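Contents: one structure, followed by commentary.
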Amino acid sequence: MSSQYPELKGFYHLRETIGSGGFAKVKLAYHALTGEKVAIKIMDKRALGDDLPRVKTEIAAMKELCHQHICKLYQVLETETRFYMVLEYCPEGELFDYIVSKDRLDEAEARIFFRQIVSAVAYIHIKGYAHRDLKPENLLLDEDQNLKLIDFGLCAKPKGGMENHLFTCCGSPAYAAPELISGKQYLGAEADLWSMGVLLYALLCGYLPFDDEKIPSLYRKIQSGKYEVPDWLTPESSILIAQMLQVDPKRRISIQQLINHPWLRKGFNIPCEFESKYKMTLDEDCLTELAVHYGQKRREMETKVSEWNYDYLTASYFLLLEKKMKGRPVRLLQKPTATDKSKVRP
Ligand SMILES: Cn1cc(Br)cc1C(=O)Nc1[nH]nc2c1CN(C(=O)N[C@H](CN1CCCC1)c1ccccc1)C21CC1
């Protein structure tokens, strides 16, 4: 197996494939130094074809984005035939499957998830990025049932959104804003807000507001802005959804208004926090553990880590920090010497 991915040998122990799409697959793996689980997205350059620039967009975006509700990028490897993205592993899978398993969510549970989605989207908008493909399949659940946003840039569309291109890239147009499918110039932020309205509807209803197996009639439904309001929706929920599913993007609620919206504040009484919980300063314990492991002075290690090369050292630092945040010992697994190869992996 690892002979198939020689660049990973000794650094990651590969396990089963947990996802596969057109030009990419995602495999579960263990980061050798920390024993932590990661998800490695492996993309074949040849299969990517003219979608290659989107991967560079996605990598550049994810290097910039460091937030508690965005799937963390740990390391990037590039060979002449492949890209590897070492990403945060989310053991509970897609929000999509979670909604299906529960039929639909009650308002209280939907609110918890939606606050996390608003937090992630507000953060990326402030960083100058629009996701452009927000849907429950792109929201994963970690072991604490917290949401992590994935699939950046790969589906980021050129301005003006050419239908066939939009359609072929992101798969489901059911979340696409009316201005986006009518081929007008669109603001990514406004299109994201529409998709979030469709997402909230899906959370609370368990099905889509606009659906049709024929694309032209689906587009007509989206552009009409008319959707069914089931009787289990509270008036407050219906009002919020209506403010997001405004066909005219200039009448649509903005992310700033959303953060403070009464529906989102109910039971919390604080606005959605969207700042990243990651500190900009380096963690002393992690630096010391890395310095000892690599036999370097702490200052030298601090300088090296601060380069943020998204190499194995960046991954090791972030994963040690993960261990610390989860209350696990901030320890690297010692390099196996020839004798203790027999030791069972953690
Ligand atoms: C499905 N599943 C079930 C369990 Br239990 C864990 C998982 C799981 O996939 N966990 C997981 N952790 N981290 C990741 C994943 C999946 N994953 C993904 O990036 N998954 C996406 C899923 N996209 C949704 C719509 C189109 C494709 C993917 C992208 C390309 C090829 C295959 C999959 C990452 C790497 C970020």
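Read the numbers this way: they start at 1 and go in the same order the structure lists the ligands and their atoms. Please read all numbers here as calculations on a predicted model, not as lab measurements.
- Across every non-hydrogen atom of Ala32 and Gly10, the tightest pair is CB-O, 3.4 Å.
- In summary, the aromatic rings of Tyr219 and Phe210 are positioned with their centroids too far apart to meet the 6.0 Å limit.
- Considering both main-chain and side-chain atoms, Lys25 never comes within under 3.5 Å of ligand 1 through any nitrogen or oxygen pair.
- Ligand 1 has no N or O atom lying under 3.5 Å from any N or O atom of Glu137, backbone or side chain.
- Residue Ile150 has at least one heavy-atom neighbour below 4.0 Å for each of these atoms of ligand 1: 18 (C), 19 (O), 20 (N), 21 (C), 22 (C), 36 (C).
- The backbone N or O of Trp263 lies less than 3.5 Å from a partner atom in the side chain of Arg111, making a donor-acceptor pair.
- If you check the side chains of Glu300 and Tyr294, you find no donor sitting under 3.5 Å from an acceptor.
- For ligand 1 and Ala39, the ligand atoms under 4.0 Å from any heavy atom of the residue are 12 (N), 13 (N), 14 (C), 35 (C).
- Phe23 and Tyr84 end up in the same hydrophobic cluster when Ile, Leu, Val, Met, Phe, Trp and Tyr side chains are linked at under 4.5 Å.
- When heavy-atom distances to ligand 1 are checked against a 4.0 Å cut-off, Lys148 has no atom that comes that close, whether in backbone or side chain.
- Between Tyr74 and Tyr312, the ring centre distance reaches or exceeds 6.0 Å.
- Of the candidates Asp97, Leu140, Val26, it is Leu140 that places a heavy atom closest to atom 11 (C) of ligand 1.
- Interface atoms of ligand 1 facing Ala24, defined by a heavy-atom separation under 4.0 Å, are 30 (C), 31 (C).
- Interface atoms of ligand 1 facing Gly19, defined by a heavy-atom separation under 4.0 Å, are 32 (C).
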